[in-house]
S.K.: 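One structure, as structure tokens, below. Some questions next.
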Amino acid sequence: MMSEVIEEYSNMYIDGQHKGLCKEGKDCDHSANADRVSQMEKSYKNILTELGEDVNREGLLRTPLRAAKAMQFLTKGYNESIKEILNGAIFDENHEEVVIVKDIEMFSLCEHHLVPFFGKAHIAYLPNKKVVGLSKLARIVEVYSRRFQVQERLTKQIASAISEALEPAGVAVVIEAVHMCMVMRGVQKMNASTVTSVMLGSFNEDQDLRKEFLSLLKKN
Ligand SMILES: Nc1nc2c(ncn2[C@@H]2O[C@H](COP(=O)(O)OP(=O)(O)OP(=O)(O)O)[C@@H](O)[C@H]2O)c(=O)[nH]1
Ligand SMILES: [Zn+2]
């Protein structure tokens, strides 16, 4: 069983953190990871059994392992760091206008119910001599959303990471999301969405700048 997990895990991991290193076995922690996946697999088996399912029926045979791997993917942000993600993609540039990347898809897991919440993140910053590679803003969203979260903290962590990395004149982050814990269970409100925002520096101090950013978000 363990060797099957290691093999399964290696396949997944080639596209993951270790990439090329896996094949050579350098710096790899396959057996610790395989053990972790194997423990999670047991836990999923247990959950299914407690829910009255037959874990030996054909359709469920590999489900606990799949679910364990899926959960690892959905929380992969715990193994990522902003420093690695930015990886030198910060450039000196005397650009003094606002940079906005909007409609960044985001998928996260609510830390209260472990079900998804998802939507869009919109990011703006006013540079102060430094700009960042545009894709890195979306990658910062990935680092923090692929964890167990509440939307408010997610919004704040993204804004703080940009603020620390770039020391810009201002940062604004808005997240619009739908929480499955409010749709599929609990209060069961299909159409409720949650909007959170964090405004730092000039976006906090300058009402016109903030308004300009928010009005740009309304445009298609
Ligand atoms: N502020 C905030 N609350 C969240 C987020 N995700 C889920 N929640 C809320 O967390 C709360 C947990 O409340 P509890 O009363 O402990 O849990 P519950 O009985 O399952 O609550 P209901 O969802 O109302 O059934 C709920 O009101 C959820 O809507 C989030 O990102 N931010
Ligand atoms: Zn929830």
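The figures here come from the full heavy-atom set of this structure, side chains too, leaving out hydrogens, waters and symmetry mates. Both counts, for ligands and for their atoms, begin at 1 and track the order of listing.
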S.K.: Just need the protein heavy atom nearest to atom 32 (N) of ligand 1, so name the residue and atom and give the distance.
M.R.: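 Here the nearest protein heavy atom works out to Glu152 OE1, 2.8 Å.
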S.K.: May I ask you to check whether His179 brings an N, O or S atom to under 2.8 Å from the Zn ion (ligand 2)?
M.R.: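 Within the cut-off used here (under 2.8 Å), His179 places no N, O or S atom near the Zn ion (ligand 2).
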S.K.: Between Lys120 and Glu105, does any side-chain N to carboxylate O distance fall below 4.0 Å?
M.R.: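 Salt bridge flag = no for Glu105 with Lys120.
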S.K.: Is it the case that atom NZ in Lys189 sees more than 12 heavy atoms from other parts of the structure closer than 6.0 Å?
M.R.: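 Incorrect, the count does not exceed 12.
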S.K.: Within the side chain of Ser160, is there an N or O that forms a donor-acceptor pair under 3.5 Å with the backbone of Gln157?
M.R.: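 Checking the backbone N and O of Gln157 against the side chain of Ser160, no donor-acceptor pair under 3.5 Å is found.
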S.K.: Which of the N/O/S atoms in His113 sits closest to the Zn ion (ligand 2)?
M.R.: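 Distance check against the Zn ion (ligand 2) picks out ND1 in His113.
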S.K.: Hey, is CD on Glu58 packed in by over 12 heavy atoms from elsewhere, all under 6.0 Å?
M.R.: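 Counting other residues, nucleotides and ligands, CD of Glu58 stays at 12 neighbours or fewer.
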S.K.: Is at least one protein non-hydrogen atom found at under 4.0 angstrom from atom 23 (O) of ligand 1?
M.R.: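 So far as the 4.0 Å threshold goes, atom 23 (O) of ligand 1 is in reach of a protein heavy atom.
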S.K.: Within the protein, is there a heavy atom lying under 4.0 Å from atom 16 (O) of ligand 1?
M.R.: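 No; the ligand atom in question lacks any protein heavy-atom contact below 4.0 Å.
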S.K.: Backbone, side chain, both or neither: what part of Glu111 comes under 4.0 angstrom of ligand 1, heavy atoms only?
M.R.: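 Answer for Glu111: neither.
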S.K.: For Ile90 and Leu86, work out which heavy atoms get closest and say how close.
M.R.: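 What the structure gives for the nearest pair is CD1-CD1, 4.0 Å.
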S.K.: For a distance under 2.8 Å, tell me if His112 has an N/O/S atom near the Zn ion (ligand 2).
M.R.: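 His112 does not place any N, O or S atom closer than 2.8 Å to the Zn ion (ligand 2).
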S.K.: Do Ser145 and Ser108 pair up side chain to side chain, a donor and an acceptor below 3.5 Å, judged on atom types alone?
M.R.: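 No, Ser108 and Ser145 have no side-chain donor paired with an acceptor closer than 3.5 Å.
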S.K.: Can you check atom 19 (O) of ligand 1: any protein non-hydrogen atom closer than 4.0 Å?
M.R.: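 Looking at atom 19 (O) of ligand 1, one finds that no protein heavy atom lies closer than 4.0 Å.
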S.K.: Going by the atom numbers of ligand 1, which of them fall below 4.0 Å from some non-hydrogen atom of Cys181?
M.R.: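 This gives 7 (C) as the contact atoms.
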S.K.: Which option out of Met182, Lys189, His113 puts a heavy atom nearest to atom 26 (C) of ligand 1?
M.R.: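 Looking at heavy atoms only, the winner is His113.
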S.K.: Which residue and non-hydrogen atom of the protein lie closest to atom 6 (N) of ligand 1, and at what distance in Å?
M.R.: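 For this ligand atom, the closest protein heavy atom is His179 ND1, 3.4 Å.
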S.K.: Any donor and acceptor pair, going by atom type alone, linking the side chain of His95 with main-chain N or O of Glu97 inside 3.5 Å?
M.R.: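 Answer holds: yes.
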S.K.: For Phe148 and Tyr78, take the angle between the two ring planes, folded into 0 to 90°, and tell me which bin it lands in: parallel under 30, tilted 30 to 60, perpendicular over 60.
M.R.: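 Ring orientation of Phe148 relative to Tyr78: tilted.
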S.K.: If the threshold is 4.0 Å, N to carboxylate O, is there a salt bridge linking Lys76 and Glu142?
M.R.: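 Yes, charged N to carboxylate O under 4.0 Å.
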S.K.: I'd like to know whether CZ of Arg139 has more than 12 heavy-atom contacts from other residues, nucleotides or ligands below 6.0 angstrom.
M.R.: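 Open.
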S.K.: Quick one: nearest non-hydrogen protein atom to atom 31 (O) of ligand 1, plus distance?
M.R.: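 The closest heavy atom on the protein side is Gln151 N, 2.6 Å.
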S.K.: Considering the heavy atoms of Gly186, write down every atom of ligand 1 situated less than 4.0 Å from one of them.
M.R.: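 Taking each heavy atom of Gly186 in turn, ligand 1 has 25 (O) under 4.0 Å.
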S.K.: Is atom 8 (N) of ligand 1 close to the protein, meaning a heavy atom under 4.0 Å from it?
M.R.: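 Neighbour list for atom 8 (N) of ligand 1 includes protein heavy atoms (cut-off 4.0 Å).
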S.K.: Output yes when a protein non-hydrogen atom is found under 4.0 Å of atom 13 (O) of ligand 1, and no otherwise.
M.R.: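 When distances to the protein are checked, atom 13 (O) of ligand 1 has no heavy atom within 4.0 Å.
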S.K.: Below 4.0 Å, non-hydrogen atoms only: which portion of His112 touches ligand 1? Side chain, backbone, both or neither.
M.R.: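 For His112, the contact with ligand 1 is made by the side chain alone.
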S.K.: For a quick check under 3.5 Å, do Gln151 and Thr196 share a side-chain donor-acceptor pair by atom type?
M.R.: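 Yes, a side-chain donor-acceptor pair sits under 3.5 Å.
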S.K.: Give a yes/no verdict on whether any heavy atom in Arg185 is under 4.0 Å from an atom of ligand 1.
M.R.: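 Yes, Arg185 has a heavy atom closer than 4.0 Å to ligand 1.
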